[in-house]
Peer 1: 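Pasting a structure here, questions to come.
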Amino acid sequence: MRILIYSYNYYPEPIGIAPLMTELAEGLVKRGHQVRVVTGMPNYPERRVYPEYQGKFYVTEQRNGVEIQRSFIWIKGPKPGLKARLMLDGSFITTSIWQAFKGWKPDVIFATIPPLLVSLPVALYATIRRCPIVLNLQDIVSEAAMRVKLVEGDSFVLKTARKVEELSYKNVSRVSVIAEGFRDNLLQQGVPDDKIAYIPNWVDTKFIHPLPKENNPFREAHGLTDKFVVLYSGNIALTQGMDTVIKAAAKLQHISDIAFVIVGEAKALANLQELCKVHQADNVLLRPFEPREKLPEMLAAADVGLVVQKRDVTAFNLPSKIPVILASGRAIVASVPDTGTAKVAVVKSGAGVVVPPEDPQAMADAVLKLYGDRHLVEALGKQGRKFAEAEFSFDLALSKYEALFTEVSNSR
């Protein structure tokens, strides 16, 4: 089967959707399919085109059997506002369509959202080439934008976004969602239930696996050998609220054995450094992202992995770091909304403790409880690994996507 993946993010970007789309594309190739990827110039999470791709309009590459077709994107700064975001998305949908037409005709198109506007060139291409679309929702853009107050609830932009969403859902063969919490929203927008396919984001449980904390290179390199390590690794943006972590750490700084480690993009860490000074949180270590090949070691350096969301974050979205922490065999402290998908996943896994979002004292209390009960920490980690293998394994997700693509392709 010939499969076209239309994804704004792809390798070598280290976090977010990029590693997932890279693993999916390369996994499909290993199963005998032809795969090409239409994507932008790599820029995430710094929101700056990587040096080796700057000044280029189109680049076509081959990596592990996948044809990667990159196109120019317009970026203005690490934190784009609404206008800059529209310019960014607009540049990708304008330039990427040319790359799509330069390759062979696919049997099926797999397009990821966000960005929402990517549905426009995908629909145009699919109409001309007469091939089906599977639309993959990593987030529902209109809901996410409203919850983080990027737009007002009755604004023209939000109404337009919802119209584009409705048209996008109508003109595709199937809509794949990464959490069951998406289903109710889609049903309210008129999407038939049998058009929705639930396939959660996965983790490569062969790559991410439990490793001992003893002789751990990350611990040794950063003076954490004898510490109880509480780790947050990932995006630091509007939906997180990392000040909660800093304030919680400050409440525990009298216990010298406890160390908080935050791993993220360098510019975002600079802002957190100021917060650490304000709250006198000397027990917080801020580190830039590790190379992906060192990710298992970094995750293994933790006793506890943190999942942090603001109280107004999109309730149906599942943070991708949850399967990763589970696969690493570490306990979770989740500071997440009470009604959200994140809480459901952590509770169902039996691998962690859930506390209210934006509540530093509750987070500090949960960390202190786990610090005092190492047997519980070990038991939670083992249960998490077991759950990850059963629910979030890459092979399972790959088989589901392969079956979905085959079904959609054969139905035309």
Side-chain angles (χ1 to χ4, degrees), residues 5 7-27 37-54 56 59 61 63-64 66 68 70 73 75 77-80 88 92 112 114-115 136 138-139 178 201-209 211 216-218 221-222 231-240 242 261-272 285-302 305-308 317-328 330 388 392 394 397:
I5 296 178
S7 174
Y8 172 78
N9 299 103
Y10 196 75
Y11 174 89
E13 295 170 328
I15 62 171
I17 188 64
L20 292 171
M21 291 301 101
T22 304
E23 290 167 359
L24 177 62
E26 294 178 0
V37 176
V38 172
T39 187
M41 298 296 177
N43 65 92
Y44 192 74
E46 293 88 355
R47 292 295 185 197
R48 183 171 63 89
V49 173
Y50 290 11
E52 59 268 38
Y53 293 92
Q54 290 178 6
K56 298 179 180 179
V59 174
E61 306 167 317
R63 183 177 186 271
N64 296 333
V66 179
I68 308 165
R70 303 186 186 276
I73 50 174
I75 299 180
K79 294 182 179 180
L88 171 61
F92 177 63
T112 62
N136 173 243
Q138 295 290 322
D139 210 344
I178 61 172
N201 283 344
W202 59 89
V203 59
D204 186 343
T205 52
K206 296 177 182 176
F207 175 60
I208 304 295
H209 59 281
L211 294 170
N216 179 277
F218 187 89
H222 302 297
L231 173 69
Y232 175 90
S233 175
N235 192 26
I236 300 171
L238 289 172
T239 55
Q240 271 72 53
M242 295 303 295
V261 179
I262 299 175
V263 178
E265 192 269 319
K267 290 183 180 179
L269 293 178
N271 295 329
L272 293 185
L285 173 67
L286 304 175
R287 295 298 306 164
F289 286 118
E290 294 282 311
R292 182 161 175 77
E293 60 269 18
K294 294 185 178 181
L295 181 58
E297 291 178 358
M298 185 194 73
L299 294 168
L306 287 179
V307 178
V308 186
N317 202 5
L318 178 67
S320 59
K321 62 176 55 61
I322 289 180
V324 171
I325 298 172
L326 294 174
S328 71
R330 296 302 185 255
F392 296 121
F394 174 54

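Because the structure is a prediction, the values reported are computed rather than measured. For the single chain, residues carry numbers from 1 onward in sequence order.
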Peer 1: Taking Glu297's backbone N and O only, do any of them form a donor-acceptor pair with Asn216's side chain (distance below 3.5 Å, no angle check)?
Peer 2: yes
Peer 1: Take atom NZ of Lys56 as the centre, draw a 6.0 Å sphere, and report whether it contains more than 12 heavy atoms from other residues, nucleotides or ligands.
Peer 2: yes
Peer 1: Under the side-chain contact (heavy atoms from CB on, under 4.5 Å) test, which residues partner Pro323, sequence neighbours left out?
Peer 2: Val203, Phe392
Peer 1: Please find the pair of heavy atoms, one from Phe394 and one from Asp204, that lie closest to each other, and give the distance.
Peer 2: CB-CA, 4.1 Å
Peer 1: Counting C-beta onward and ignoring hydrogens, is there a side-chain heavy-atom pair between Met41 and Ile75 closer than 4.5 Å?
Peer 2: no
Peer 1: Looking at every non-hydrogen atom in both residues, tell me the closest pair between Ala327 and Thr205 and how far apart they are.
Peer 2: CB-CG2, 4.2 Å
Peer 1: Checking Arg70 now: which residues fulfil side chain to side chain donor-acceptor pair (under 3.5 Å) with it, not counting sequence neighbours?
Peer 2: Glu61
Peer 1: What's the shortest heavy-atom distance between Ile208 and Ser328, and which atoms?
Peer 2: CG2-N, 3.8 Å
Peer 1: Are Ile236 and Leu269 close enough that some pair of their side-chain heavy atoms sits under 4.5 Å apart?
Peer 2: yes
Peer 1: Could you list the residues that satisfy side chain to side chain donor-acceptor pair (under 3.5 Å) with Tyr8, not counting sequence neighbours?
Peer 2: Asn43
Peer 1: Apply side-chain contact (heavy atoms from CB on, under 4.5 Å) to Ala25 and list each qualifying residue two or more places apart in sequence or on a separate chain.
Peer 2: Ile5, Tyr10, Val35, Val37, Val66
Peer 1: So which atom in Arg330 and which in Ala302 form the shortest heavy-atom distance, rounded to 0.1 Å?
Peer 2: NE-O, 2.6 Å
Peer 1: Mind checking side chain to side chain donor-acceptor pair (under 3.5 Å) for Tyr11 and listing every partner two or more places apart, or none if nothing turns up?
Peer 2: none
Peer 1: Applying side chain to side chain donor-acceptor pair (under 3.5 Å), name anything that partners Asn201, two or more places apart in sequence or on another chain.
Peer 2: Gln138
Peer 1: Under the side-chain contact (heavy atoms from CB on, under 4.5 Å) test, which residues partner Glu293, sequence neighbours left out?
Peer 2: Pro291
Peer 1: Is there side-chain contact between Leu20 and Trp202, with heavy atoms separated by less than 4.5 Å?
Peer 2: yes
Peer 1: Once ring pair (Phe, Tyr, Trp, His ring centres under 6.0 Å) is applied, do any residues pair with His222, and if so which ones, sequence neighbours excluded?
Peer 2: Phe218
Peer 1: Mind running side chain to side chain contact (heavy atoms under 4.5 Å, CB included) on Asn136 and Ile178 for me, showing each step along the way?
Peer 2: CA-CA 8 Å; Asn136 173 243; Ile178 61 172; 4.2 Å; yes
Peer 1: Restricting to pairs with a member in residues 10-26, which pass salt bridge (charged side-chain N to carboxylate O under 4.0 Å, His left out), not counting sequence neighbours?
Peer 2: Glu23-Arg292, Glu26-Arg63
